[in-house]
Amino acid sequence: MSTASSTASPTASASRASGTTPTSSSRRGSPETPATFDEFGEAIGKLADSGVSPIGVGAGDGWPAAHWWYQFAIKTCSGDSLKEAAETLDFSDPCFVEAGENLKSWMDEFDGDLPFQANPTSTPAQSVPNSSAGLLAAQTTAMELMGTWHRGEVAKLVPGAPAENPPAPEWLSWMPVPDIEGAEGEPGAALGSGDAWGVYVDAPDETLELLEYVMSEDVQTRFAATGEIPTVAGAEAGITDPVLKQIAEGTVNASLVVTWLDTQYGPVIGQAMNDAIVNLMFGSGTPEQIPEAMNAAAATL
């Protein structure tokens, strides 16, 4: 959308974490939220010892696994490096290789399929009982890295849930993804997104008047009550869902919110990036191959 011919008004925001579980969802919360991936690893070990798969991932669909690298990228790269990469679509900064190294090093701390469930690349993300959402709904896994929409996906797959408008399970909670100790990323950086109204530059004045009404605190407060996170200050008072309240607070407190990387970089780069990430996590890929694939895809644009 060209800024010369249109404008946009933000209507809703979303954040992704890891659910104790920016945004993970989780069924078993810890007494204390882990602040670093080292502390997160300790919690994962305890979950594994209890007999549950700590983290579910629908790697069969690609993007749910790729979001783990996205998290490591925004925790490893400085805000300036992320901004420059988004503006230039040049991913030569060494931090993108380091992000893959940090992710693989963290995964290699665990035995077997851990920290994920068995057969992650055969697991879809949503819609069916054997999806990662279904595993969380059945309490076979303890948490999942997903966005705000996933509450509804999990709710539909809870055994015995009503077919019409099933409520999110009471045990579902949320926590932010931990930071990487010593890395250059902004402490508390989060992935997220937002929706907006686009308005043509020659639209009549009544269009903006309507948007002013829609974006008023009163309307946005009622909008929040429908299960959304509003962007208007004060309207968050309308949020009733306890998980959304946690996510809204986490989004406000995040030092930096970065748009999902496959969205930010576009579908051509996004697909090449996601494929390389899945190959790193569950195949024979290397950390270097991820930014290489991204730069090669960018060169075709």
Side-chain angles (χ1 to χ4, degrees), residues 1-2 14-18 22-24 37 55 57-108 115-116 120-121 123-125 132 145-147 177-180 182-194 254-301:
M1 171 186 311
S2 167
S15 183
R16 178 182 293 261
S18 136
T23 304
S24 298
F37 267 92
I55 303 173
V57 61
D61 286 334
W63 60 268
H67 274 260
W68 281 99
W69 184 87
Y70 300 177
Q71 291 286 353
F72 273 81
I74 68 170
K75 305 287 184 178
T76 300
C77 298
S78 69
D80 288 341
S81 294
L82 293 169
K83 184 174 184 290
E84 182 176 356
E87 292 175 348
T88 64
L89 298 183
D90 181 346
F91 307 100
S92 302
D93 192 302
C95 74
F96 290 105
V97 174
E98 187 180 353
E101 292 172 342
N102 287 338
L103 170 58
K104 199 66 171 71
S105 176
W106 177 68
M107 290 177 61
D108 288 345
F116 305 106
T121 56
T123 305
S132 56
L145 180 65
M146 270 291 170
V177 173
D179 291 322
I180 302 171
E184 292 187 12
E186 296 281 343
L191 283 172
S193 72
S255 60
L256 174 69
V257 178
V258 181
T259 303
W260 327 128
L261 299 187
D262 52 353
T263 299
Q264 184 172 175
Y265 302 152
V268 174
I269 296 173
Q271 187 62 60
M273 173 176 61
N274 289 355
D275 290 346
I277 293 169
V278 173
N279 195 29
L280 169 71
M281 294 177 68
F282 304 113
S284 57
T286 67
E288 292 79 8
Q289 288 173 339
I290 297 172
E292 287 173 1
M294 296 164 70
N295 281 325
T300 69
L301 300 175

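Every value quoted in this text rests on a predicted model; they were computed, and no experiment measured them.
The shortest non-hydrogen separation linking Lys75 to Val177 is NZ-O, 3.1 Å. The shortest non-hydrogen separation linking Leu261 to Ala73 is CD1-CB, 4.3 Å. The minimum heavy-atom distance linking Ala298 with Leu89 is given by the pair CB-O, 3.5 Å. Between Pro178 and Phe37 the shortest heavy-atom distance is O-CE1, 3.3 Å. When all heavy atoms are compared, the tightest approach of Val257 to Ala254 is CG2-CB, 3.9 Å. Closest heavy-atom contact between Val278 and Ala65: CG2-CB, 4.1 Å.
Of the inter-residue distances, the one linking Ser92 atom OG with Glu292 atom CD reads 10.0 Å to the nearest 0.5 angstrom. Atom CD1 of Ile269 is separated from atom CD of Gln264 by 10.0 Å, given to the nearest 0.5 angstrom. Annotation: the span from Thr76 atom OG1 to Leu103 atom CG amounts to 9.0 Å, rounded to 0.5 Å.
The neighbour count for Glu101 CD, taken as heavy atoms of other residues, nucleotides or ligands under 6.0 Å away, is above 12. In this structure, Glu288 places its CD atom where more than 12 heavy-atom neighbours from other residues, nucleotides or ligands lie under 6.0 Å away.
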Where do Phe91 and Ile290 land on the side-chain contact (heavy atoms from CB on, under 4.5 Å) test, with the steps shown first? CA-CA 9 Å; Phe91 307 100; Ile290 297 172; over 6 Å; no
Evaluate Ile277 against Tyr70 for side-chain contact (heavy atoms from CB on, under 4.5 Å), listing each step before the verdict. CA-CA 9 Å; Ile277 293 169; Tyr70 300 177; 3.8 Å; yes
Evaluate the side-chain contact (heavy atoms from CB on, under 4.5 Å) criterion for residues Phe96 and Met273: first the C-alpha distance (whole Å), next the side-chain angles of each, then the deciding distance (0.1 Å), finally the verdict. CA-CA 11 Å; Phe96 290 105; Met273 173 176 61; over 6 Å; no
Stepwise side-chain contact (heavy atoms from CB on, under 4.5 Å) check, Leu256 with Ile74: CA-CA 9 Å; Leu256 174 69; Ile74 68 170; 5.8 Å; no
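With hydrogens and angles disregarded, no donor-acceptor distance shorter than 3.5 Å links the side chain of Asp61 to the backbone of Pro124. The closest donor-acceptor contact from the side chain of Gln289 to the backbone of Ala276 lies at 3.5 Å or more, if one exists at all. For the pair Ser193 (side chain) and Thr259 (backbone), a donor-acceptor distance under 3.5 Å is absent.
In summary, of the residues considered (Asp90, Val97, Asp93), a side-chain contact (heavy atoms from CB on, under 4.5 Å) with Pro291 occurs for Val97 alone.
Relative orientation of the His67 and Trp63 rings is perpendicular, given thresholds of 30° and 60° on the angle between their planes. Relative ring orientation between Trp106 and Phe116 is described as perpendicular, the plane-to-plane angle rising above 60° on a 0-90° scale split at 30° and 60°.
Judged purely by distance below 3.5 Å, without hydrogens or angles, the side chains of Asp80 and Ser78 never pair a donor atom with an acceptor atom.
Looking at Asp262 and Pro267, their side chains never come closer than 4.5 Å, going by heavy atoms from C-beta outward.
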